[in-house]
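Structure first, commentary second.
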Amino acid sequence: MAFTLYALIQAVILGVNAVAVLHEERFLSKIGWSVDQNIGGFGEEPGIKMQLINLVRSVRTVMRVPLIAVNAVCIVLLLLFG
């Protein structure tokens, strides 16, 4: 299997899918990544952990609907071109 642009795009889509299916109460809170555990003070810079939590929540919120369409296009392309 050659390393192509399509393979790279599939890997990115797979990673975004993996982030999108993470459930906050069932998985993230067990490893200490829930939002209510990391309350910072006013004016403090958020740490890397809080920024990653916000990134996961943003990906789950914003990319939910576009991922359905992108996954459907990838499935159709795989069915047509193998």
Closest contact, heavy atoms only, Arg60 versus Val19:
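Residues Arg60 and Val19, closest heavy atoms: CG-O, 3.6 Å.
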
Membership question, hydrophobic clusters at under 4.5 Å side-chain separation (ILVMFWY): are [Y] and [X] in the same one?
X     : Y     : answer
Val21 : Met63 : no
Ile75 : Tyr6  : no
Val70 : Leu5  : yes
Ile53 : Ile48 : yes
Val16 : Leu52 : yes

Consider side-chain contact (heavy atoms from CB on, under 4.5 Å). Of Val73, Ile68, Leu67, which one does Asn71 pass it with?
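For Asn71, the side-chain contact (heavy atoms from CB on, under 4.5 Å) test succeeds with only one of Val73, Ile68, Leu67, which is Leu67.
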
Within a reach of under 6.0 Å around CG of Leu80, are more than 12 heavy atoms found that belong to other residues, nucleotides or ligands?
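Yes - once you tally the heavy atoms of other residues, nucleotides and ligands closer than 6.0 Å, there are more than 12.
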
How does the hydrophobic cluster around Val65 look, that is, which other residues are in it when side-chain heavy atoms under 4.5 Å mark a link?
none

